[in-house]
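Working notes for the structure below.
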Amino acid sequence: MERMLQYTEAIREAADQEMERDESVLVFGLDVDDPKAIQGTAKGLLSKFGAERVFGTPLSEDAMTGAAIGMALAGLRPIHVHIRMDFLMLAMNQLVNVAAKSRYMFGGKVSIPMVVRSMIGKSWGQGAQHSQGLYSFFMHVPGLKVAAPTTPYDAKGCLIAAIRDDNPVMYVEHRILHFQKGPVPEALYTVPPGKARITAKGTDVTLVGISYMQVECLRAHHYLAETGIGAEVIDPIWLNPLDIETIVESVRKTGRLFVVDNGWTTCGASAEIAAQVVEALQGVRDIRVKRMGFASVTCPTTPPLEDLYYPNARTIAAAAHSMVNGASKEWMPEERKDLQSIEFKGPF
Amino acid sequence: MERMLQYTEAIREAADQEMERDESVLVFGLDVDDPKAIQGTAKGLLSKFGAERVFGTPLSEDAMTGAAIGMALAGLRPIHVHIRMDFLMLAMNQLVNVAAKSRYMFGGKVSIPMVVRSMIGKSWGQGAQHSQGLYSFFMHVPGLKVAAPTTPYDAKGCLIAAIRDDNPVMYVEHRILHFQKGPVPEALYTVPPGKARITAKGTDVTLVGISYMQVECLRAHHYLAETGIGAEVIDPIWLNPLDIETIVESVRKTGRLFVVDNGWTTCGASAEIAAQVVEALQGVRDIRVKRMGFASVTCPTTPPLEDLYYPNARTIAAAAHSMVNGASKEWMPEERKDLQSIEFKGPF
Amino acid sequence: MYEKFYRSLYRIRRVEERIAEVYPTDKIKSPVHLSIGQEAVSVGVCEALRPDDVVFGTYRSHALFLAKGGNLKAMIAELYGKATGAARGKGGSMHLIDLEAGVLGTSAVVGTTIPNAVGYAYAIKYRRENRLVVSFLGDGGTDEGVFQESLNFAALKKLPIIFICENNGYAIHTHQRLRHPALNICERARVVGMPAERIEDNDTIRIFERVKNAVDLIANGAIGPHFLECMTYRWKEHVGPNEDYQLGYRSKDEAEPWIRNDQVIKIGALLGEKEKRAIEDAVDAEIADAFACADADPFPEESELFTDVFK
Amino acid sequence: MYEKFYRSLYRIRRVEERIAEVYPTDKIKSPVHLSIGQEAVSVGVCEALRPDDVVFGTYRSHALFLAKGGNLKAMIAELYGKATGAARGKGGSMHLIDLEAGVLGTSAVVGTTIPNAVGYAYAIKYRRENRLVVSFLGDGGTDEGVFQESLNFAALKKLPIIFICENNGYAIHTHQRLRHPALNICERARVVGMPAERIEDNDTIRIFERVKNAVDLIANGAIGPHFLECMTYRWKEHVGPNEDYQLGYRSKDEAEPWIRNDQVIKIGALLGEKEKRAIEDAVDAEIADAFACADADPFPEESELFTDVFK
Ligand SMILES: Cc1ncc(C[n+]2csc(CCOP(=O)(O)OP(=O)(O)O)c2C)c(N)n1
Ligand SMILES: Cc1ncc(C[n+]2csc(CCOP(=O)(O)OP(=O)(O)O)c2C)c(N)n1
Ligand SMILES: [Mg+2]
Ligand SMILES: [Mg+2]
């Protein structure tokens, strides 16, 4: 029988096994060594590997990111952990101006094998500054790889691939995905950069769901099935390098691209995917394109507005339905218990 | 006769006149008060308005951006100047997490009337860390306006509009545009957010040129005219709010959208414009879409590679030509003296 | 004076205890960082301020908000996500604001309001106004580079600002000892030439007096920033309504002296029993009313999702 | 010892003078931040280092690169944008590197290499290697928050690193006086418990001795970071080959004592005339050769535009 693990446990195991395998791997960041160990993703690592390899830091995101780069220059493979992606805004100078550029601007003389883990928050009033999915920034800048695994299987495989990669990898987690359970082999394996996965088959519309929105897209697939619409769902897994071919092939078949992102649409991952698919299929076949993401506002904390702020399975299904059947045929599925979102309960 | 001013002088005049008009306007940032006065854009302001209203700062981009926000909260209208856009990576936390969000997350109780001026560098080996056009970051985040004027006229009008705007405005300059001369009225006027300009008429292809690439697009228009191709050139001027209607209307006519950006294409302004135009015209007419921007690499310093890194009038014209006439008919215009780029001479 | 102090201390304590009681009902779908045990700092500081002085705080600012005179109903409604909230339900517990009371805003990203406060102080000086800014920060906030940058600029420009470092020993579960080579936050202020002092005992009156002294100095034109490190202690978990001694990162023993020095009790003891009771009754009624209102108030309309991105 | 010092000082001076001479021909299409006048710091420090010690620097690092043993031909070729350059022509003057010589990289954004150096030092300690890192920074670099964050962490973890603040008084045209309330950079290091000293006179030998002392302390296991502020002076403009006294932000008078104390002349005077001449001749020939090679070397192939984004 397949071994089932929670997403957080898959991350923990990947780090644990890689640290066992390779002395140059270390984990640090605010609170990785505290009793909560970043939702358990770093649990037990301190006692197993010691305080030189697993350590909490002062609140100094800028310097600690710079330090991670310095460690990588010296041949270590640091995993730098941030409990919120929002906090990476303090580290942008080192990420964009140094990590992404060092190899190129030094003519290939160095490489920066570092992993930056960060989490996207959602719900329970996390609000303006604890909920952003800002990975399009990292997609924009050449020299950074970006992984956004959605299943425990991919969480483990992407993290191992990221650790072994000789380049800086931004590893994007989502607080709600942390609760996902799924099959995870005990053995070491990688989910390598640049390969997307078709997670549900269909011929009417291609749903690309990024990060947590992958889960909502899979739920939307079920809602849509009720109306006879076959949605092909794709999980890009890696946003850079991006496996655009798999998406293009699907849209070549379905004629409809619907990208649902876990971030804002403007200059976001959904804009890029839409543009690339159009570029690839123009003159080949007439297609329809749609994007959905966070509402173009700051994330509000009050639940009724927050509900509207995020796409969900039903709003996704409704939009896909009108792509297929025309906007005139309005339809919104009744909420199904088995397809409800996990309700995250605070404090945080 | 029309009064001709250089771009830098247009900026200086806008600040000068607004400071005269409104005591709450002040200018600060590294080196605004030094003998070079940011390429002359702040020249004379110190002696006219005094050191409390015009001051250099320590090298503390993060805190000084936070301070600008604090001044704006108190009702001042600070203009914070950065000699390179790359340095804004040190200020991302305050820009993205505070400036963009304050009004919304405080339920409309406050506003942040601040202007952030920053310059994009080009050529003479400015390289990896002095050449980035990172404005798509600011387009991505709700709550920030973005202006990227290309003419002296717009430089003045946008800066005045930005100063008077009650929201944070990212005002994007380009080092090469600083040398542009053009007609600039002495009177105060605004070039308000959200209105693009058609800078050359044509019916065969729509060229959207952003920031400095607007200049290259206008040159490309001339090259293309030699082959009988009419390129309609559009300058968005403001990237947020973006006047997509003007672009859509043009593409509705030409059937071809070609966005040339002064930044990377992935998740960039060109991706967004392409996606929005496709969304607007799908099912209305079949169109062709193309994007061009910095090569997807870090900016190299050596001239031969740097030349390849940037789009220019001839490569733009060649690409537009093949959009119109098919890729089989390859064409590259002979360089024309009158359409050559300004050669920037260092040291910087 | 003691009545005012007591009223403020008791009110803050009771509001937060009430939040902790309500929390399990999930009516407050907002992270709450309680100040229980630390009230003396906010009260001591704010009692020394004038109405038009302004404060900036952190995500742990219920106490500051109330001590500075922030609207209680608006605060509770905000926690409940209601349209009547201080931020119309869009900000939650971590983004409190009350412009009339001079609460200029709080932030969920550590250290971010420090330079905002400095900029505000610049505006005050620029306009020759006779008021000042107080910037509240945690010991964790001093780790961030922006702290040093902000203090340097405030000192360079001799701005009318007081920095209050509420040192409760911990950033979440990590003691200052594990983040700083030396426990000398005041030195980090003195290095830019700023007068700095440390108040060891979480004593409301001493805090009040020392802040009053700084306010007077600034008001009398002996301008320039001041720095106070107020040692204090958080009784509850970092975020949420419970205690957390079971986690093992700190011991109940460590907390004991702080709890014995409970300022609500100490200052209360300076009042007559009747006087005290009258204050408590009035405050209890006010709090009950605030929670009832918050409960009854409407959520924002759907259309509010799109308002207030831009002015 | 003096021969080595002189050779290094003279070589750096002559290389930069040659750069300034060539500059008007536009063969060097790269901004150049010359160290002329400041060579003593790089030479004094690097002579005290062991070959496997490593250095990180700023955009003003010609002197550091050469003093640490970086390849001269590769440096000049880099300035010329040639494929034989230290960074294959992709980095220019501001991004010099020579891994064999232990020059780990320089950066155009002020302050950025400080934490990189700290991270490298962490790796050295982690691996129990007996070597150390030197982080070069300007006085302007100390303004950035990352400076304080980096020093705090280096001290907290007792890392084998020496910080060299090359204080030439100015960040571009802005004196330290206009950026710091007090001229006490060493205090900013001491605040995290780091031993710090200031060397006033730009004296190569004193700098050498003090760094040697710190290197020995670290090597002998009296581990922990050290900080040195080396007062020095830039003779030329901030960027470019010329002087800039006409700009008015500083006077030639201010420069005079520094120029009188020219270390190239002073250390040269310690040698015999013949000895000195022999060194100069050899260096001159080496430099002539380096510039000739750079001139003759090929530019990178077009295909190189796309290489080395990722490994
Ligand atoms: C920049 C940043 N980094 C990390 C966090 C996560 N975080 C939230 S509170 C906190 C501890 C802050 O400690 P302190 O400043 O002492 O305030 P206290 O909670 O003790 O009142 C941390 C690390 C954050 N919110 N912002
Ligand atoms: C973060 C950042 N801000 C501003 C600049 C622009 N700039 C380039 S050099 C410089 C001055 C730095 O002074 P210092 O550190 O003393 O070095 P020096 O040039 O004197 O060697 C400034 C402000 C920059 N490169 N990086
Ligand atoms: Mg604390
Ligand atoms: Mg300097």
Side-chain angles (χ1 to χ4, degrees), chain A residues 23-24 26 28 50-53 55-78 80 90-91 93-94 96-114 141-145 165-169 193-194 240-241, chain D residues 54 56 74 78 83 85-92 94-100 104-109 111-127 129 133 135 144-154 156-157 159 161 300 304-311:
Chain A
E23 280 231 322
S24 62
L26 30 79
F28 71 93
E52 272 192 327
R53 287 185 76 182
F55 58 94
T57 72
L59 287 81
S60 304
E61 285 82 357
D62 187 2
M64 295 318 304
T65 305
I69 293 168
M71 293 176 203
L73 281 170
L76 298 185
R77 296 184 171 270
H80 187 193
L90 285 158
N93 183 48
Q94 288 290 337
V96 170
N97 287 333
V98 185
K101 296 183 167 47
S102 288
R103 183 168 179 78
Y104 194 92
M105 79 184 181
F106 291 128
K109 297 278 166 71
V110 300
S111 59
I112 312 286
M114 69 191 263
V141 180
L144 299 172
K145 295 189 178 177
D165 203 286
D166 282 329
N167 304 288
V169 179
N240 186 24
Chain D
V54 303
F56 285 80
E78 188 58 37
R88 301 197 58 79
K90 287 173 165 178
M94 302 196 290
H95 302 298
L96 297 174
I97 191 161
D98 189 328
L99 295 181
E100 283 89 69
L104 254 290
T106 67
S107 171
V109 183
T112 43
T113 59
I114 306 172
N116 302 155
V118 167
Y120 200 104
Y122 191 91
I124 286 177
K125 185 172 184 203
Y126 175 71
R127 292 206 185 106
E129 294 170 352
V133 180
S135 168
E144 295 284 356
V146 74
F147 167 73
Q148 206 65 38
E149 290 183 357
S150 299
L151 264 64
N152 182 67
F153 185 74
L156 184 70
K157 297 294 181 186
L159 302 181
I161 184 166
E304 281 225 36
L305 179 65
F306 295 104
T307 57
D308 291 326
V309 177
F310 289 120
K311 182 170 178 183

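Note on naming: letters A, B, ... go to the chains in the order of the sequence lines (proteins, then strands), and numbering restarts at 1 for each one. Keep in mind that this is a model prediction, so the values were computed, not measured. Basis for what follows: all heavy atoms, side chains included, without hydrogens, waters or symmetry-related copies.
Only the backbone of Glu304(D) comes within contact range of chain A, with at least one heavy atom under 4.5 Å from a heavy atom of that chain. Residue contact with chain D, scored on non-hydrogen atoms closer than 4.5 Å, is absent for Lys101(A). Of the two parts of Leu156(D), only the side chain, counted from C-beta on, holds a non-hydrogen atom closer than 4.5 Å to a non-hydrogen atom of chain A. For Leu305(D), the parts sitting under 4.5 Å from any heavy atom of chain A are the backbone and the side chain alike. Contacts between Phe56(D) and chain A at a heavy-atom distance below 4.5 Å involve the side chain alone, from C-beta outward. For chain A, the nearby part of Asn152(D) is the side chain; its heavy atoms alone come within less than 4.5 Å. With a threshold of 4.5 angstrom between heavy atoms, Ala99(A) does not approach chain D through any atom at all. Looking at Leu144(A), only its backbone comes within 4.5 Å of chain D, counting heavy atoms on both sides. Looking at Glu52(A), both its backbone and its side chain come within 4.5 Å of chain D, counting heavy atoms on both sides.
For the residue pair Ala68(A) and Phe28(A), the shortest heavy atom distance occurs at CB-CZ, 3.7 Å. For the residue pair Val146(D) and Pro115(D), the shortest heavy atom distance occurs at CG2-CG, 3.7 Å. Residues Thr65(A) and Ala91(A) share a closest heavy-atom pair of OG1-CB, 3.2 Å.
Of the listed residues (Glu78(D), Arg127(D), Gln148(D), Arg88(D)), the greatest number of heavy-atom pairs within a distance under 4.5 Å of chain A belongs to Arg127(D). Most heavy-atom pairs under 4.5 Å with chain A, from the set Leu99(D), Val54(D), Val118(D): that is Leu99(D). Per-residue counts of heavy-atom pairs under 4.5 Å with chain D were compared for Leu59(A), Asp165(A), Leu73(A); the largest is that of Leu73(A). Of the listed residues (Asp62(A), Ile69(A), Asn93(A)), the greatest number of heavy-atom pairs within a distance under 4.5 Å of chain D belongs to Asp62(A). For the options Glu144(D), Met94(D), His95(D), heavy-atom pairs under 4.5 Å to chain A are most numerous at His95(D). Each of Met105(A), Met71(A), Arg103(A) has some count of heavy-atom pairs under 4.5 Å with chain D, and the biggest count is that of Arg103(A).
Between Lys90(D) and Thr307(D), the closest side-chain pair of non-hydrogen atoms falls below 4.5 Å.
For Lys157(D) (side chain) and Lys125(D) (main-chain N/O), no donor-acceptor pair under 3.5 Å exists by modelled atom type. Ser107(D) places no side-chain N or O within donor-acceptor distance of the main-chain N or O of Thr113(D), the cut-off being under 3.5 Å. Looking only at distances, no side-chain donor or acceptor of Gln94(A) sits under 3.5 Å from a matching main-chain atom of Ala63(A).
The cationic atom of Lys145(A) (NZ for Lys, CZ for Arg) lies less than 6.0 Å from the six-membered ring centre of Phe310(D) and within 45° of the ring axis.
A salt bridge links Arg77(A) with Asp166(A): the closest approach of a Lys/Arg side-chain nitrogen to an acidic carboxylate oxygen falls below 4.0 angstrom.
For Glu23(A), the CD atom sits in a loose shell: 12 or fewer heavy atoms of surrounding residues, nucleotides or ligands are nearer than 6.0 Å.
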